[in-house]
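Structure record follows, encoded as structure tokens.
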Amino acid sequence: MASNPDFLWCKEERKQESFVKLLKHFDMSSENTRAIPYDFVRNFSDNELSGNMKIRVQWGNSWEVKISKNPRFYFMEKSGWETFVRDNALGDYEFLTFTHTGKMSFTVKIFNKDGKEMMQPPQSRAFLASSSRIKTEQDVKREEVLVSSDSSSCGPTTAAVSNGNGEGMYKRKLNFGKKKAEETQNSKRTERVVSTERVYAGEPSSSVAGFNIFISKSYIKSLAIPTTFANDYMPKEKTMVKIHHPDGKKSWNVAFVVKKKGHIFSGGWKRLCREYPVVFGDICKFTLIKPHELLLAVSKP
């Protein structure tokens, strides 16, 4: 079977030093938030850590952030860090991975709290939202014009009409029954379309490597992993993987087991379900953030 390029990239990334951060709106600029983990900095000399670090996001923008040190740890200087946070409109429980690419340069991946990776700058997202709003307003105005033009052909309506000299105002009954009937039918059609949407086990993520899965009663004890995802992104033998909670406060070590009939999360998964918690009927969204590490977001159907 041909090697998957994303999997090969993940294997290569694993060889590089990296660390992760969770950003919370109420604690964005403290030294603890800006701290660089000890397990990471011990791989570098004091000379390397005495200058600036360059952080680059997926769409090519980059920022220079000075590294400083207090008696306990190294951290990113507040001015450069806050510029990076402000420019990317961060602070809503985003999950960030910093991967060292050499000479204190870092590639940063930003995951929103729903587990989806941010693939474009926030300005572009704001522009798209603005365009969508403008289009909606135009559609509303167009609908108002259509309602107005249809009123004369929909039968009697209620309207005040003058005889031209301001005297003798009279009323006609307007009936929008036909229009309302059409809107009701359209509404029912929309409801039928929405009601047919389902989340299927093994549905892949559209933006990054991952999958969605519906939790059945049997999946509380062990979780079957979609074969396509397992073949492309997971190890070929039994391995301990780390699964992170989106709030960054908790993570679990779970055994990934390879069997003839499929791949499962086994040892440690039941504990995760109890502590997260994950219950029957939940929808679990797994996002691969590093080799052997996943972000788990849980939602109700």
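Applying the 6.0 Å contact sphere to NZ of Lys300 captures more than 12 heavy atoms from other residues, nucleotides or ligands. By the neighbour-count criterion of 12 heavy atoms within 6.0 Å, atom OH of Tyr38 is sparsely surrounded, having that number or fewer from other residues, nucleotides or ligands.
Between Tyr74 and Asp46 the shortest side-chain heavy-atom distance falls below 4.5 Å. Counting only heavy atoms from C-beta outward, the side chains of Ile215 and Ile283 never approach each other to under 4.5 Å. Residues Met234 and His292 have side chains not in contact (no heavy-atom distance under 4.5 Å, counting atoms from C-beta outward). Contact of the His244 side chain with the Glu293 side chain is registered, since non-hydrogen atoms from C-beta on lie closer than 4.5 Å. Contact annotation: the side chain of Phe19 never approaches that of Thr99 to less than 4.5 Å [non-hydrogen atoms, C-beta and beyond]. At a threshold of 4.5 Å between non-hydrogen side-chain atoms, the residues Ile110 and Val57 count as touching.
Note: Phe280 and Phe214 have perpendicular aromatic rings, judged against thresholds of 30 and 60 degrees for the angle between ring planes. Taking the six-membered ring for Trp and thresholds of 30 and 60 degrees, Phe75 and Phe73 have ring planes more than 60 degrees apart, a perpendicular arrangement.
Within the model, atoms CE of Met53 and CZ of Phe106 stand 4.0 Å from one another, a figure rounded to the nearest 0.5 Å. Summarising the geometry, atom CD belonging to Glu64 is positioned 13.0 Å from atom CZ belonging to Phe84; distances are rounded to the nearest 0.5 Å. Taking NZ from Lys242 and OG from Ser251, the interatomic distance works out to 4.5 Å, rounded to the nearest 0.5 Å. To the nearest 0.5 angstrom, Asn231 atom CG is 11.0 Å from Phe229 atom CZ. How far CD of Glu82 is from CG of Asp87: 11.5 Å, rounded to the nearest 0.5 Å. Between the NE2 atom in His263 and the OG1 atom in Thr227 there is a gap of 6.5 Å [rounded to 0.5 Å].
Considering all non-hydrogen atoms of both residues, Trp269 and Ile220 come closest at CD1-O, 3.6 Å. The shortest non-hydrogen separation linking Leu288 to Phe111 is O-CZ, 4.4 Å. Closest heavy-atom contact between Ile243 and Phe286: CD1-CE2, 4.1 Å. Taking both residues in full, the closest heavy atoms of Cys284 and Leu296 are given as CB-CD1, 3.6 Å, listed atom of the first, atom of the second, then distance. Across every non-hydrogen atom of Arg271 and Trp252, the tightest pair is O-NE1, 4.4 Å. Here the shortest heavy-atom pairing between Ala224 and Ile213 reads O-CD1, 3.3 Å.
Ion pairing between a basic and an acidic side chain is recognised when a charged N comes within 4.0 Å of a carboxylate O; Glu275 and Lys250 show such pairing.
Hydrophobic clustering of Ile, Leu, Val, Met, Phe, Trp and Tyr side chains at less than 4.5 Å, counting indirect connections, unites Leu295 with Leu22. Connection of Val85 to Ile55 is established within a shared hydrophobic cluster, with ILVMFWY side chains joined at heavy-atom distances below 4.5 Å, either directly or through further cluster members. Placement of Val279 and Leu223 in two distinct hydrophobic clusters is found when ILVMFWY residues are connected by side-chain heavy-atom separations under 4.5 Å, directly or transitively. Connection of Tyr93 to Phe95 is established within a shared hydrophobic cluster, with ILVMFWY side chains joined at heavy-atom distances below 4.5 Å, either directly or through further cluster members. Cluster membership for Ile36 and Phe98, using ILVMFWY side-chain heavy atoms within less than 4.5 angstrom, is shared.
Side-chain atoms of Asn112 do not come within 3.5 Å of backbone N or O of Asp114 as any donor-acceptor pair. With hydrogens and angles disregarded, no donor-acceptor distance shorter than 3.5 Å links the side chain of Lys221 to the backbone of Ser266. In this structure a side-chain-to-backbone donor-acceptor pair under 3.5 Å is missing from Ser50 to Glu48. Judged purely by atom type and a 3.5 angstrom limit, Arg56 has no side-chain atom pairing as donor or acceptor with the backbone of Ser62. For the pair Lys270 (side chain) and Ser222 (backbone), a donor-acceptor distance under 3.5 Å is absent. Not one N or O on the side chain of Asn88 forms a donor-acceptor pair closer than 3.5 Å with the backbone of Leu90. In terms of modelled atom types and a separation under 3.5 Å, the side chain of Asn43 and the main chain of Asp39 share a donor-acceptor contact. In this structure a side-chain-to-backbone donor-acceptor pair under 3.5 Å is present from Lys21 to Ala35.
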inquiry  = Between Ile289 and Leu294, is the side chain to side chain contact (heavy atoms under 4.5 Å, CB included) condition met? List the steps.
reply    = CA-CA 5 Å; Ile289 56 175; Leu294 299 103; 5.8 Å; no

task = Start with the C-alpha gap between Glu117 and Thr287, add the side-chain angles, then the distance that decides, and say whether side chain to side chain contact (heavy atoms under 4.5 Å, CB included) holds.
result = CA-CA 9 Å; Glu117 184 180 2; Thr287 303; over 6 Å; no

Chi angles and distances behind the side chain to side chain contact (heavy atoms under 4.5 Å, CB included) call for Lys54, Val65 = CA-CA 6 Å; Lys54 185 175 183 179; Val65 182; over 6 Å; no

message = One pair to check against side chain to side chain contact (heavy atoms under 4.5 Å, CB included): Val254 and Leu272. What are the steps and the verdict?
response = CA-CA 8 Å; Val254 177; Leu272 181 154; 4.2 Å; yes

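Within the hydrophobic cluster formed by Ile, Leu, Val, Met, Phe, Trp and Tyr side chains joined at under 4.5 Å, directly or through other members, Met240 stands alone, with no partner residue.
For Phe44 and His100, the ring centers are positioned less than 6.0 Å apart. Ring to ring, Tyr219 and Phe265 are not that close: their centroids are 6.0 angstrom or more apart.
Side-chain contact, Lys290 with Ser18: a donor N or O sits under 3.5 Å from an acceptor N or O. For the 3.5 Å distance criterion, the side chains of Asp282 and Tyr276 fail to qualify, holding no donor opposite an acceptor.
The side-chain hydrogen bond (donor to acceptor under 3.5 Å, both in side chains) with Ser68 is formed by just one residue from the set Glu77, Arg34, Lys78; it is Glu77.
Not a single side chain to side chain donor-acceptor pair (under 3.5 Å) links Ser79 to another residue, sequence neighbours left out.
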